[in-house]
Amino acid sequence: QVQLVESGGGLVQSGGSLRLSCAASGSIFSINTMGWYRQAPGERRELVAHIATDGSTNYADSVKGRFTISRDNAKNAGYLQMNSLKPEDTAVYYCKAYGLEYGGTDFSSWGQGTQVTVSS
């Protein structure tokens with residue numbers, strides 16, 4: 001099994017910054033893709049950004065130019081740097097990873113989420 005734990009969420013004023021971290025642990029042979037998603041109250045969960053093994057990335061239009069996703073393969077960790085935060089960024093942020101466990105089993109795991117609140 002593979003477990004993901006997010007950290008770094010909190011309360012920040014509009015225009016401020018936060019850096020989210022996602023630590024993966026367990027029987028990990030390799031992580032193919034790591035991503036960040038968010039879900040605001042009453043809304044569906046949406047993709048924010050994801051990054052592949054080769055470092056290629058994509059972003060939701062709403063965060064392009066403000067957020068940066070990165071990863072540290074040696075640490076099995078992912079990060080989301082969030083700058084110029086807006087109140088509409090307020091949501092629970094989740095990390096997700098999929099890849100291969102030792103023994104050849106595919107995995108797809110979600111973290112428990114971390115709250116990001118941006119005040120006006």
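The basis for the numbers below is simple: all heavy atoms, side chains too, and nothing from hydrogens, waters or symmetry mates.
For Gln112, the CD atom is loosely surrounded, since the number of other residues' heavy atoms within 6.0 Å does not exceed 12. Around the CD atom of Gln13, the shell of radius 6.0 Å holds no more than 12 heavy atoms that belong to other residues, nucleotides or ligands.
Listed here is the closest heavy atom pair of Arg66 and Ser84: NH1-O, 3.0 Å. The heavy-atom pair separating Met34 from Cys22 by the smallest distance is CE-SG, 4.1 Å. Among all heavy-atom pairs drawn from Leu4 and Ala24, the shortest one is CD1-CB, 4.0 Å. Scanning both residues, Leu100 and Phe107, for their nearest heavy atoms gives N-CE2, 3.3 Å. Nearest approach of Tyr59 to Thr68, heavy atoms of both residues: OH-CA, 3.4 Å. Listed here is the closest heavy atom pair of Gly26 and Gln3: CA-OE1, 4.3 Å.
Side-chain atoms of Pro87 and Ser119, non-hydrogen and from C-beta on, never get closer than 4.5 Å to each other. Two residues are said to be in side-chain contact when any heavy atoms from C-beta on lie closer than 4.5 Å; Leu18 and Leu85 meet this criterion. Looking at heavy atoms from C-beta onward, Arg71 lies in side-chain contact with Asn73 at the 4.5 angstrom threshold. Using a 4.5 Å heavy-atom cutoff, the side chains of Asp106 and Glu101 are not in contact. No side-chain heavy atom of Tyr37 sits less than 4.5 Å from a side-chain heavy atom of Glu46. Considering only heavy atoms from C-beta on, Ser70 comes within 4.5 Å of Arg19 through its side chain. When side chains are defined from C-beta on, Val92 does not count as touching Val116, because their heavy atoms never get closer than 4.5 Å. Between Ser7 and Ser21 there is a side-chain heavy-atom pair separated by less than 4.5 Å.
The aromatic rings of Phe29 and Tyr102 sit perpendicular, their planes meeting at an angle over 60°, well past the 30° parallel limit.
A distance-only check finds no donor-acceptor pair linking the side chain of Arg44 to the backbone of Ala40 [under 3.5 Å]. Using modelled atom types, no side-chain atom of Thr114 and backbone atom of Gly8 make a donor-acceptor pair closer than 3.5 Å. Proximity of a side-chain donor or acceptor of Arg45 to a complementary backbone N or O of Tyr94 within less than 3.5 Å is not detected. Checked by atom type and distance alone, the side chain of Ser109 pairs as donor or acceptor with a backbone atom of Val2 at under 3.5 Å. Of the possible polar contacts, one joining the Glu6 side chain to the Gly113 backbone as a donor-acceptor pair under 3.5 Å is found.
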Could you go through Asp89 and Lys86, starting from their C-alpha distance and side-chain angles, then the distance that decides it, and tell me whether this counts as salt bridge (Lys or Arg N to Asp or Glu O under 4.0 Å)? CA-CA 5 Å; Asp89 295 318; Lys86 305 174 181 179; over 6 Å; no
Please evaluate residues Ile69 and Trp36 with respect to the criterion side-chain contact (heavy atoms from CB on, under 4.5 Å), reporting the C-alpha separation (whole Å), side-chain torsions for both, the decisive distance (0.1 Å), and the verdict. CA-CA 8 Å; Ile69 188 171; Trp36 289 93; 3.6 Å; yes
Begin from the C-alpha positions of Met82 and Leu80 and carry the test side-chain contact (heavy atoms from CB on, under 4.5 Å) through to its verdict. CA-CA 6 Å; Met82 304 185 294; Leu80 184 68; 3.9 Å; yes
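Rounding to the nearest 0.5 Å places OG of Ser30 at 11.0 Å from OH of Tyr98. Put simply, OG1 on Thr57 and CD1 on Ile51 are 6.5 Å apart, with the number rounded to the nearest 0.5 Å.
Side-chain contact check for Gln115 and Thr117: at least one donor-acceptor pair (N or O, by modelled atom type) lies under 3.5 Å. Under 3.5 Å, the side chains of Arg38 and Tyr93 contain a donor-acceptor pair of N or O atoms.
Cluster membership for Tyr79 and Ile31, using ILVMFWY side-chain heavy atoms within less than 4.5 angstrom, is not shared.
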